[in-house]
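Quick notes on the structure that follows.
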Amino acid sequence: MSASFAKVEELSTRYPNSAGKVIGYGTAGFRDKASILDHVMFRVGILSALRSKQKNATIGVMITASHNPEDDNGVKLVDPEGEMLENAWEKIATKVANLDDSKLASAVEDVVKTTGIDLGVKGSIFVARDTRESSPRLTQAVLDGISCIDNCEVVNWDLASTPVLHYLVVCRNGNEAYGKCSKAGYYDKLSSGFLTSIGSKSAQGAYKPIITVDCANGIGAVEIREIGNKISNDLKLTLVNDGKPGILNHNCGADFVKVQQTFPENVTPAPGERFASLDGDADRLIYYYFDSNSKFKMLDGDKISLLFAEHLSELTKHANLQLKTGVVQTAYANGSSTNYAQDVLKIPVACEPTGVKHLHHAAQAFDIGVYFEANGHGTVLFSNNAIASVRDAVKSGDNKPAQELLSFMDIINSTVGDAISDLLGVEAILYSKGWSAQDWDNMYTDLPNRQLKVSVEDRNVIKTADAERKCVSPLGLQDKIDQLAGKYQNGRSFVRPSGTEDIVRVYAEANTQGNADALGKEVAAAVYELCRGVGPKP
Ligand code: 16G
Ligand code: ZN
């Protein structure tokens with residue numbers, strides 16, 4: 001053992017691997033019960049230091065389990081340009097996290113050798129955490145892990161949302177044009193983008209500059225309060241579920257609203273008002289309202305995506321800019337949203353597998369790439385060409401649409417899905433259009449849909465293709481799905497193994513809620529039969 005890793009051996013005794021199970025680095029990083037994650041955090045700390053030296057750049061470590069219950073926790077590494085950790089390192093992370101304690105130090109040495117890391121390079125790591133009770137303890141484990149590797153500089157940002165950490169990493173790694181590398185820089189960028197966007201005109205039409213925001217009792221409350229104070233003359237944010245004694249993500253938050261299709265706790269619905277929910281780490285956003293029949297109506301990631309796409313493509317047209325706008329969705333996108341984008345807006349739509357990194361990558365193919373998952377995670381990417389063209393158009397004279405585009409770009413946190421940035425983006429657009437939530441919802445009507453879970457012996461017997469829209473294994477399952485979906489008008493269904501839970505997910509949509517429910521149930525039963533279901537039959 002080289003002397004460089006003696007500290008790994010020494011400190012690892014404080015963080016023994018007693019999980020009793022394999023914990024994998026998935027689309028959401030490592031995520032599990034907080035009580036079994038200490039050794040994982042310690043090892044992620046070590047890996048973050050190595051990754052930073054390898055890239056000679058700042059790496060982020062975010063401690064959060066997003067929309068999961070308070071008792072869970074998790075950790076994700078943020079690569080230098082704000083992107084998700086590279087695939088090869090996901091594998092390294094899974095391997096290292098699960099090793100026996102006695103093998104850790106030599107495995108670390110091995111990573112250094114095989115990935116060609118120069119330990120002489122100075123490491124730089126940004127660490128942040130959400131509001132979970134376990135997060136300070138797990139942060140300490142990460143810091144201890146980092147301390148095992150010499151010559152590293154750490155900034156512990158303490159409480160910060162996932163999108164704030166991504167923003168800070170991007171700013172620190174040289175993208176100064178993007179914003180100042182501080183929390184204040186983030187608040188300033190978003191709030192001034194919003195204020196410039198709405199300009200001096202007062203709210204018009206059916207738009208009311210007031211919104212109730214459910215903060216899931218999470219870190220989003222801390223961040224949005226700062227921004228709310230800066231824009232309070234133009235938009236009044238009423239915060240609910242903004243922390244203790246409320247329980248994180250319990251009967252509230254974006255995931256609760258999306259899955260339960262109902263209002264969260266502590267929200268009093270009233271027709272004509274707008275509501276929004278953030279998730280536990282403020283990277284997902286869902287809107288909703290009471291329609292004139294006092295019925296709950298949801299405006300999810302698809303609706304946000306198309307509001308953005310329509311607005312941005314109109315502005316580019318009016319600004320006389322030749323920029324290609326595109327929308328990126330997953331198989332979960334409502335069929336009506338895809339049709340609306342393609343047939344009405346004439347905007348190209350790409351479909352990608354679930355998981356932000358796939359969507360983010362695909363959105364880079366456009367000048368203006370709008371990507372959202374239906375669950376409310378998404379953002380807009382602007383190519384260098386788009387940024388330069390818009391700036392030139394603004395400089396060259398009186399081009400109001402180009403100016404509007406430029407200020408909208410400032411609102412958007414392109415580094416990752418950002419609930420607060422997206423909320424300000426939605427509000428700026430509704431403001432300029434004079435739209436109520438109902439007007440926005442009228443863009444198109446969602447097809448009724450249903451999501452179900454099926455427990456099976458081994459969910460990985462399901463293999464998918466075509467961005468998860470087709471099931472290629474087990475044989476016969478896709479034929480069965482086709483046959484069932486064919487029975488219903490607008491019937492569409494797909495199945496996929498979850499990346500975050502030990503279950504198979506089923507999605508079904510059709511022309512009526514009854515048909516969507518029936519199709520979902522029938523497909524779930526087929527999965528149960530063909531994939532060795534366990535527990536009660538669906
Ligand atoms: C993770 C993904 C999210 C995806 C979800 C699907 C990231 C950062 N997060 O939370 O985008 O929607 O997993 O979960 O990529 P599932 O595989 O259990 O359906
Ligand atoms: Zn989240």
Side-chain angles (χ1 to χ4, degrees), residues 24-32 60 62-70 72-79 82-87 90 128-132 160-166 214-220 223 248-249 252-259 277-286 300-302 305 328-333 351-363 371-379 413 415-422 451-455 459-460 462 464 467-468 494-507:
Y25 194 105
T27 44
F30 289 110
R31 199 175 284 188
D32 216 301
M62 183 69 211
I63 296 151
T64 181
S66 182
H67 55 278
N68 284 37
E70 164 81 39
D72 290 358
N73 216 322
V75 63
K76 257 186 285 193
L77 289 179
V78 181
D79 259 355
E83 68 280 38
M84 304 291 160
L85 183 64
E86 183 188 302
N87 262 342
E90 287 190 359
R129 65 165 177 102
D130 71 9
T131 55
R132 287 179 161 78
S161 71
T162 297
V164 168
L165 180 68
H166 282 254
D214 153 32
C215 303
N217 293 313
I219 179 64
E223 315 285 18
L248 182 69
N249 298 325
C252 61
D255 195 59
F256 171 84
V257 172
K258 172 77 178 152
V259 174
S277 286
L278 321 177
D279 76 337
D281 62 340
D283 62 359
R284 290 191 190 180
L285 174 71
I286 295 287
D300 64 2
D302 300 337
S305 161
V328 185
Q329 305 183 318
T330 71
Y332 287 105
C351 185
E352 288 294 315
T354 303
V356 172
K357 64 181 174 194
H358 302 296
L359 286 98
H360 194 97
H361 186 72
Y371 77 81
F372 270 87
E373 291 189 307
N375 62 26
H377 186 123
T379 186
N413 179 358
T415 66
V416 75
D418 181 331
I420 298 173
S421 138
D422 291 337
Q451 292 195 44
L452 297 162
K453 303 177 182 186
V454 187
S455 290
R459 71 190 196 276
N460 295 314
I462 294 200
T464 63
E468 304 178 326
F494 67 91
V495 302
R496 54 176 282 276
S498 158
T500 61
E501 285 181 69
D502 190 12
I503 45 138
V504 175
R505 295 202 194 278
V506 174
Y507 176 89

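Every value quoted in this text rests on a predicted model; they were computed, and no experiment measured them. Read the numbers this way: they start at 1 and go in the same order the structure lists the ligands and their atoms. Index from 1, following the sequence. As a basis for the values below, the full set of heavy atoms in this structure was taken, side chains included, without hydrogen atoms, waters or symmetry mates.
Here is the list of ligand 1 atoms found below 4.0 Å of a heavy atom in R496: 16 (P), 17 (O), 19 (O). With ligand atoms numbered from 1 in the order given, ligand 1 contributes 12 (O) to contacts under 4.0 Å with heavy atoms of N375. Against a heavy-atom cut-off of under 4.0 Å, M84 is close to the following atoms of ligand 1: 8 (C). Set against the non-hydrogen atoms of G355, the atoms of ligand 1 under 4.0 Å away are 11 (O), 15 (O). Applying the 4.0 Å criterion to heavy atoms of T354 picks out, from ligand 1, the atoms 4 (C), 6 (C), 12 (O).
Within the 4.5 Å cutoff, the side chain of P353 has heavy atoms near those of the H358 side chain. Taking 4.5 Å as the limit, some side-chain heavy atom of T500 sits within range of a side-chain heavy atom of R505. At a threshold of 4.5 Å between non-hydrogen side-chain atoms, the residues L165 and V78 count as touching.
Atom-to-atom distance recorded for N73:CG and N68:CG is 9.0 Å, nearest 0.5 angstrom. Distance check, rounded to the nearest 0.5 Å: CZ of R496 to OH of Y332 gives 4.0 Å. Between the CZ atom in R132 and the CD1 atom in I219 there is a gap of 11.5 Å [rounded to 0.5 Å].
Within the structure, the closest approach of K357 to ligand 1 does not fall below 4.0 Å when heavy atoms are considered. For the ligand labelled ligand 1, residue K453 lies outside the 4.0 Å heavy-atom shell. Heavy-atom separations between H377 and ligand 1 are all 4.0 Å or longer.
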Hey, mind stepping through D72 and R31 against salt bridge (Lys or Arg N to Asp or Glu O under 4.0 Å) and telling me if it holds? CA-CA 7 Å; D72 290 358; R31 199 175 284 188; over 6 Å; no
For a side-chain hydrogen bond (donor to acceptor under 3.5 Å, both in side chains) check, start with the C-alpha distance between D281 and S161, then their side-chain angles and the critical distance, and finish with the verdict. CA-CA 5 Å; D281 62 340; S161 71; over 6 Å; no
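Checked by distance only, ligand 1 and G499 come closer than 3.5 Å through their nitrogen or oxygen atoms. Looking at E501 next to ligand 1, no N or O pair under 3.5 Å apart turns up.
The nearest protein atom to atom 15 (O) of ligand 1, hydrogens excluded, is given as V356 N, 3.0 Å; this is a heavy-atom distance. Looking at atom 12 (O) of ligand 1, its nearest protein heavy atom turns out to be E373 OE1, 2.8 Å. Of all protein heavy atoms, the one closest to atom 19 (O) of ligand 1 is R505 NE, 2.6 Å. Ranking protein heavy atoms by distance to atom 18 (O) of ligand 1, first place goes to T500 OG1, 2.4 Å.
For H377 and F372, the distance between ring centers is not under 6.0 angstrom.
The nearest N/O/S atom of D281 to the Zn ion (ligand 2) is OD1.
Taking backbone and side-chain atoms together, T64 has no N/O/S atom less than 2.8 Å away from the Zn ion (ligand 2).
Here the angle at the Zn ion (ligand 2) defined by OD2 in D279 and OD1 in D283 stands at 90°, rounded to 10 degrees.
Salt-bridge formation is detected for the pair K357/E90: a Lys NZ or Arg NE/NH1/NH2 atom is positioned less than 4.0 Å from an Asp or Glu carboxylate oxygen.
Of the residues D300, D279, N375, the one that meets the side chain to side chain donor-acceptor pair (under 3.5 Å) test with K258 is D300. Under the side-chain contact (heavy atoms from CB on, under 4.5 Å) test applied with K76, the options L85, T27, T162, I63 reduce to a single match, T162.
At a 4.0 Å heavy-atom cut-off, ligand 1 touches R284 through the side chain alone. Proximity of T27 to ligand 1, defined as any heavy-atom pair under 4.0 Å, is shared by backbone and side chain alike.
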